[in-house]
Amino acid sequence: MMITFQGFSKQKSPQVLFENALPASDPGTLEQLKELSSRRRAIESINQNSFVTEAIAREMSGGLTSRCEQNIQKVEQYLPLLGNLIHHVNIVGDSLKMARWISDLKIRWSSSLAPSSFFHLSGPKLYQMDNLHFELGMTLFVLGALLRDQALEVLSTDLVQSATILRKAAGIYQHLAQVVLPCLQPELAPERPPEALISVSAATTLVCLAEAQAVTVKKAEQKGNTGGLLAKLHYGVCEFLNEAIHTLNSVTKQCKDISSLTDYITTCKMLHELLCYKYLAESLKTEGKIGFAIGVLCQVIQSSEKHTPREESWRLVYKQVIDDLTALLRKYEHENEFVWHEKIPMQDELPVPQGVKIVSSILYQPQRWERTLVFKM
């Protein structure tokens with residue numbers, strides 16, 4: 001990953017006390033509802049200032065030293081309990097009492113993708129939906145985001161592990177888009193967080209797959225693979241991101257501004273397109289087609305001028321890649337002028353990159369603790 005977007009995991013949610021809203025019929029149910037509240041409280045603390053020392057946090061997590069891994073563990077310990085609650089609420093079926101109890105939970109989440117507002121000076125805007133699938137969806141979105149953070153954390157030491165973690169994150173977002181969020185769509189309020197939309201999770205699935213392939217390309221580069229293969233792999237990243245952009249086009253009508261995400265995707269696509277053409281040019285040069293190599297470099301450099309990344313750190317990376325390609329172009333032009341004297345083909349005569357996708361999502365399999373819950377109906 002040449003640039004990073006860490007805006008996925010910044011959601012916040014006020015406290016939810018399940019034992020206060022859902023009347024337990026027996027001490028066992030009451031105890032389990034209290035445990036559910038306790039596990040959720042751990043998630044609520046993820047994006048809050050913590051006064052827990054590293055040593056205590058490590059002991060509480062069973063020895064995990066990474067704060068990211070500790071946060072993932074908190075979410076993974078909550079989800080099976082939440083899944084069990086949803087199972088028993090579904091058994092009750094359509095009930096006015098249950099609907100009122102769920103409403104009393106006041107499940108509210110902020111969005112990490114929607115822009116902050118000056119009118120919410122006391123904190124981020126909170127979206128409320130009286131549905132446990134909203135709670136499940138937002139929690140899974142956070143889990144996927146934390147896995148992306150973990151993949152970035154291990155990127156410098158273990159490329160294979162980083163790619164695997166990103167494929168797991170893709171599986172979570174795919175599960176969200178295909179299984180969890182469709183249950184929520186009929187009840188969506190006019191104002192909703194982007195994270196609750198099927199299109200956003202579907203696009204994020206593709207982003208994670210693109211990032212996983214980008215890490216795989218980096219591994220291939222380290223192994224000394226040839227330019228032709230690397231060009232195809234980089235263009236495969238572009239194809240994942242093109243799909244993500246197309247998927248997000250339908251979201252702009254429902255969410256006014258998710259520009260930070262769309263700009264990240266567009267910038268990533270352009271960077272990998274630049275690298276694809278670089279390796280394609282090197283491959284053409286090796287084949288003795290320096291005129292074509294010069295042509296494709298001219299084409300992609302000219303195309304890159306149409307996009308300006310919004311983040312300063314992204315602009316620096318973008319400029320460096322363009323500068324590298326410009327230097328390569330000057331080198332080839334100089335060599336062609338004095339040695340080969342090849343004609344530069346017209347744009348419609350230039351080869352079109354071919355992409356190869358070699359990564360897929362790892363299926364997310366939700367866990368549920370099978371414990372009986374009985375409510376006072």
S.K.: Pick out which of E135, E44, R40 makes a side-chain hydrogen bond (donor to acceptor under 3.5 Å, both in side chains) with S13.
M.R.: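 The side-chain hydrogen bond (donor to acceptor under 3.5 Å, both in side chains) with S13 is passed solely by R40 among E135, E44, R40.
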S.K.: Look at the side chain of S201 and the backbone N and O of I198, then say whether any donor-acceptor pair between them is shorter than 3.5 Å.
M.R.: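 No; zero donor-acceptor contacts below 3.5 Å.
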S.K.: Does the cation-pi check pass for K168 over Y364, that is, NZ or CZ under 6.0 Å from the six-membered ring centre and within 45° of its axis?
M.R.: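 Because its charged atom misses either the 6.0 Å distance or the 45° angle limit, K168 does not stack over Y364.
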S.K.: Sub-3.5 Å donor-acceptor pair from the side chain of Q150 to the main-chain atoms of I165, do we have one?
M.R.: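 No, the answer is negative, given that no donor and acceptor are paired below the 3.5 Å cut-off.
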S.K.: Would you name the heavy atoms of M377 and S95 that are closest together and state the gap between them?
M.R.: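 Between these two residues, the closest heavy atoms are CE-OG, 3.4 Å.
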S.K.: Roughly how far, to the nearest 0.5 Å, is OG1 of T326 from NZ of K319?
M.R.: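 It comes to 9.0 Å.
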S.K.: Could you give me the CA-CA distance, side-chain angles and deciding distance for I46 and L146, then say whether side-chain contact (heavy atoms from CB on, under 4.5 Å) is met?
M.R.: CA-CA 10 Å; I46 288 177; L146 290 170; 4.2 Å; yes
S.K.: Name all residues meeting the side chain to side chain contact (heavy atoms under 4.5 Å, CB included) criterion together with C298; count only those two or more places apart in sequence or in a different chain, and write none if there are none.
M.R.: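 Per chain and number, C298 pairs via side chain to side chain contact (heavy atoms under 4.5 Å, CB included) with I294, L329, E333.
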S.K.: Just by distance, no angles: are the side chains of S110 and Q11 close enough, under 3.5 Å, to form a donor-acceptor pair?
M.R.: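 No, no side-chain donor-acceptor pair sits under 3.5 Å.
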S.K.: Please work out whether the ring planes of Y173 and F8 are parallel, tilted or perpendicular, with thresholds of 30° and 60°.
M.R.: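 Y173 and F8: tilted rings.
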S.K.: Sequence neighbours excluded, which residues qualify as side chain to side chain contact (heavy atoms under 4.5 Å, CB included) partners of R315?
M.R.: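 By the side chain to side chain contact (heavy atoms under 4.5 Å, CB included) rule, R315 matches T308, P309, E312.
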S.K.: Report yes or no: does T262 contribute a side-chain atom to a donor-acceptor pair with the main-chain N or O of S259 at less than 3.5 Å?
M.R.: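 Yes.
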S.K.: Determine whether V180 and L363 fall in the same hydrophobic cluster, where Ile, Leu, Val, Met, Phe, Trp and Tyr are linked whenever their side-chain heavy atoms lie under 4.5 Å apart.
M.R.: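 No, because V180 and L363 fall into different hydrophobic clusters, even though each may have its own neighbours under 4.5 Å.
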S.K.: Please name all residues satisfying side chain to side chain donor-acceptor pair (under 3.5 Å) with H246, sequence neighbours left out, ordered by chain then number.
M.R.: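 Testing H246 for side chain to side chain donor-acceptor pair (under 3.5 Å), a comparison that skips the adjacent residues, returns none.
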S.K.: How are the rings of F375 and W101 set to each other: parallel, tilted or perpendicular (split at 30° and 60°)?
M.R.: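 The arrangement is tilted - the two ring planes meet at 30° to 60°.
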S.K.: Determine the minimum heavy-atom distance between R108 and P14, stating which atoms define it.
M.R.: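 For R108 versus P14, the nearest heavy atoms are O-CD, 3.3 Å.
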S.K.: Any carboxylate oxygen within less than 4.0 angstrom of a Lys/Arg side-chain nitrogen, looking at R368 and E370?
M.R.: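 Looking at E370 together with R368, the answer is yes, because their closest N to O distance falls below 4.0 Å.
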S.K.: Under the criterion side-chain contact (heavy atoms from CB on, under 4.5 Å), I'd like the reasoning laid out for K125 against S111: C-alpha separation, chi angles, the key distance, then a yes or no.
M.R.: CA-CA 8 Å; K125 179 178 180 178; S111 170; over 6 Å; no
S.K.: Between L140 and H175, which heavy-atom pair has the shortest distance, and what is it?
M.R.: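 Residues L140 and H175, closest heavy atoms: CD1-CD2, 4.0 Å.
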S.K.: Please assess E282 against Y277 for the test side-chain contact (heavy atoms from CB on, under 4.5 Å), listing each intermediate value before the final yes or no.
M.R.: CA-CA 8 Å; E282 290 179 349; Y277 275 86; over 6 Å; no
S.K.: Search all heavy atoms of C208 against all heavy atoms of A169 and return the closest pair with its distance.
M.R.: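 Minimum heavy-atom separation between C208 and A169: SG-CB, 3.9 Å.
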S.K.: Give a yes-or-no answer on whether the side chains of N225 and E221 include a donor-acceptor pair shorter than 3.5 Å.
M.R.: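 No.
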